[in-house]
Amino acid sequence: MNDSSNSQDDNDLTRATDEARIAEDEAFGTALRGLAEEAGITTVWQDYRGVVHTVGGATLKALLTALDLPASTMGDVAASRTRLASESQGNASDVLPPLITAAVHAPIALPSGTRFAGCDYRIEFEDGGEVREGRFADDGPTIVDPIDRFGYHRLECDGATITLAIAPTRCYGVEDALSDVGRDRGERPWGLAAQIYSLAQDRDGGLGHYGALAALAGHAAKHGASALAISPVHAMFSADLHRYSPYGPSSRLLANILHVDPRGVLGDEAFADALKAVDGEATLKTLAEGTLVDWPASSKLRLALLRHLFDRLMTQDDAGGRAELDAFRAAGGEVLEAHARFEAIHAMLCAGDPSMLGGWRNWPLEFRDPHSAAVGAFAKEHRQDVAFHAFLQWQASRQLDAAQRAAKAAGMAIGIVADLAVGADGGGSQTWSRPRDMLIGLSIGAPPDLLNALGQSWGLAAFSPRAFRSGGFRPWIDMLRAAFSHAGGIRIDHVLGLTRMWLVPDGADAIEGAYLRYPFDDLLRLVALESWRHRAVVIGEDLGTVPEGLPERLSSAGLLGIRVLWFERMWYVPGQPFRQPHEWSDGSLAVTTTHDLPTTAGWWSGRDIDWRAKLQLFGDHSSEEVERIAREAERHMLWASLCQAGAAHGDRPSIDHPPITEALRYVGATPAPLAISPVEDALGFVEQPNLPGTIDTHPNWRMRMPKPVERLLEGDEVARRLAAFAEGRARR
């Protein structure tokens, strides 16, 4: 054989090898995408421009790995697909779901493939008042007859036990809250929204607290408010006082202890002694005089005061107080103990190495497992430090309870409306203590849109939908109960996440993420069930790109969406770009604005445009000139809409005289079951609490109220605005 023949043979072999490799890669890619789709990952998505994107293999592998579905090889993919199929069919006792959700008065279908055909079953109702017995059919679907009461009921059959979470058909609503306090169910109440950190009170050291919240609730109720909404008060990082955004918590299962009022722990005398002991009088006064919250300095002083008060409680003759703390720790169980240990370990490690501030994923290996021998030894050796952090949670719980009681006692039908953040910091105590519940290595975010062409990755960990199913939805239920525990209502941030989440692998650009589907029906039923058990209303933040049909599904379940004045437009009606009040939804909360949007005065004056011009935050298709021209036209159209609705009269006011009173009357006149005005609008503030897309360049989450809460709502102008809001609510 000659050289040319050898060369041709080599080329043919190379070509055949390449073709085989390509075929193998294509087969693996097809199998990988098939596994991803079965796991709930959307492999193809469309952006805001209509461009279709295919999710890359690296992203799919990262998401599948976080879901505990290895997919590095064809063998991995095959094994993971087998696991998924087994779990979905429920064909063995060890993979039966521990909890199934259903609605009252509806048949309950057990997973296909269960072994219960022809078996006798027994249902123990949660209230213990009745037991139902029955028998499943010998063939066909395994169906439990409808149950007429909501609750967590126990199904026993053939040695297996399943919890049946039977939910009401809708959430507890505003009308139910009104009825509970003897008010007309047809009334349309209103409320205020406030940032706790911003509230000022005598000797607070420059940082708002739960005592000030309770005081504000009482004063707002005197003006007729039925609710007081707040931003999240989830547990933060007491070892890293530079992290204070309420939407980046360490754990959503516990409370923010930095808002504990030291005077409310053991009384004024003990507070004075603590202040003297830490030599904090001068610092307290200086911090209280600031117009912005100095989070690190104020928090450091507050923690020092609280530690002194804790030490005093542990040493003084107060067996009752210590017994109450012990009872609280016992009731808090593993969740509280794990968080207290996390806080103590984090403080110890950060004191010696600032690189530890990032959280547990930077810790030495022996401390990364909450059940390790090293963690157990630490807890024993530093038992007082661990007890201190449990003490802080006890005080936070007591004071949050007191705020809700104060709101209700003052006449509020709903009271405090808590906020449930969309995720938890990936380095925080919730992911450390319950790693199997969370998707470690992924961040919640958003794909590119008109406001952010690069997309967003927020550094927050999401729940694992597989952990929901395998764990009987315990992570979700525990979080809901924590949110409802001190409130008359909750706001679920980014409620779109009940259907799907945009998740980005650590280290990847936001555009390299993918959507992961969540068990929407199950999650929504559990929200409704817990809302009735706690008799608390539910609001879902549904702003942004909303999946088709979602608002209707939320509304039918009694979960209020949110409608904001600036977004309620009717561009297709000539000369009438803003919806008239009667055209707003009767199944959503109505607000003038939110903490992420300009205040009424800020919008009218264009203060938000000033900030975006200063920080160069305009998108590719906009500019300062374009925005200002558009805002001038919008001011004209808003005033025309206010006048048409009878909320305003006469000539349009100047740019220096925002129509706040008129806007409140306008929003108040909507058919919304509940309307909320931020305190910033009631006071006529120009600056907004938070400017998305910024961290240090705008004073996010730092602005202080100019008056103590006892005098915050005083003054003729504030009274006129609140009266106009109430007047709008009374109109039909």
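Every value quoted in this text rests on a predicted model; they were computed, and no experiment measured them.
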Short question: side chain of [X], backbone of [Y] - any donor-acceptor pair under 3.5 Å?
X	Y	answer
Arg569	Trp566	yes
Ser250	Ser429	yes
His234	Ala421	yes
Ser397	Gln393	no
Gln688	Asp596	yes

State, without any angle test, whether [X] and [Y] hold a side-chain donor-acceptor pair at a distance under 3.5 Å.
X	Y	answer
Gln430	Trp432	no
Glu512	Thr59	no
Ser251	His339	no
Thr499	Arg553	no
Gln195	Ser231	yes
Asp148	His105	no

What pairs with [X] under side chain to side chain donor-acceptor pair (under 3.5 Å), at least two apart in sequence or on another chain?
X	answer
Arg132	none
Asp425	Arg243
Arg170	Glu175, Asp176

Please evaluate residues Arg33 and Thr54 with respect to the criterion side-chain hydrogen bond (donor to acceptor under 3.5 Å, both in side chains), reporting the C-alpha separation (whole Å), side-chain torsions for both, the decisive distance (0.1 Å), and the verdict. CA-CA 10 Å; Arg33 289 190 295 274; Thr54 298; over 6 Å; no
Under 30°, 30 to 60°, or over 60°: which ring-plane class applies to Trp45 and Trp502, parallel, tilted or perpendicular? perpendicular
Plane angle bin for Trp532 and Phe150 - parallel if under 30°, tilted between 30 and 60°, otherwise perpendicular: tilted
By side-chain contact (heavy atoms from CB on, under 4.5 Å), Glu568 pairs with (sequence neighbours left out) Arg563, Arg579, Trp584
Which residues pass the side-chain contact (heavy atoms from CB on, under 4.5 Å) test with Ala482, not counting sequence neighbours? none
I want to check a possible cation-pi pair here: Arg535 against Tyr172, using under 6.0 Å from ring centre and within 45° of the ring axis as the test. no
Using a 6.0 Å distance limit plus a 45 degree cone around the ring axis, check whether Arg149 lies over the aromatic ring of Phe125. yes
Applying ring pair (Phe, Tyr, Trp, His ring centres under 6.0 Å), name anything that partners [X], two or more places apart in sequence or on another chain.
X	answer
Phe484	His534
Trp190	Phe725
His582	none
Tyr247	His595, Trp701

Any ion pair linking [Y] and [X] (charged N to carboxylate O, less than 4.0 Å)?
X	Y	value
Arg466	Asp437	no
Arg154	Glu156	yes
Asp522	Arg525	yes
Arg83	Asp68	yes

Within the supplied structure, the quantity of interest is the number of heavy atoms (other residues, nucleotides, ligands) at a distance under 6.0 Å from Gln46 CD; does it exceed 12? yes
Partners meeting salt bridge (charged side-chain N to carboxylate O under 4.0 Å, His left out) with [X] (sequence neighbours left out):
X	result
Glu133	none
Arg405	none
Asp586	none

Are the aromatic rings of Phe468 and Phe463 close, with centres under 6.0 Å apart? yes
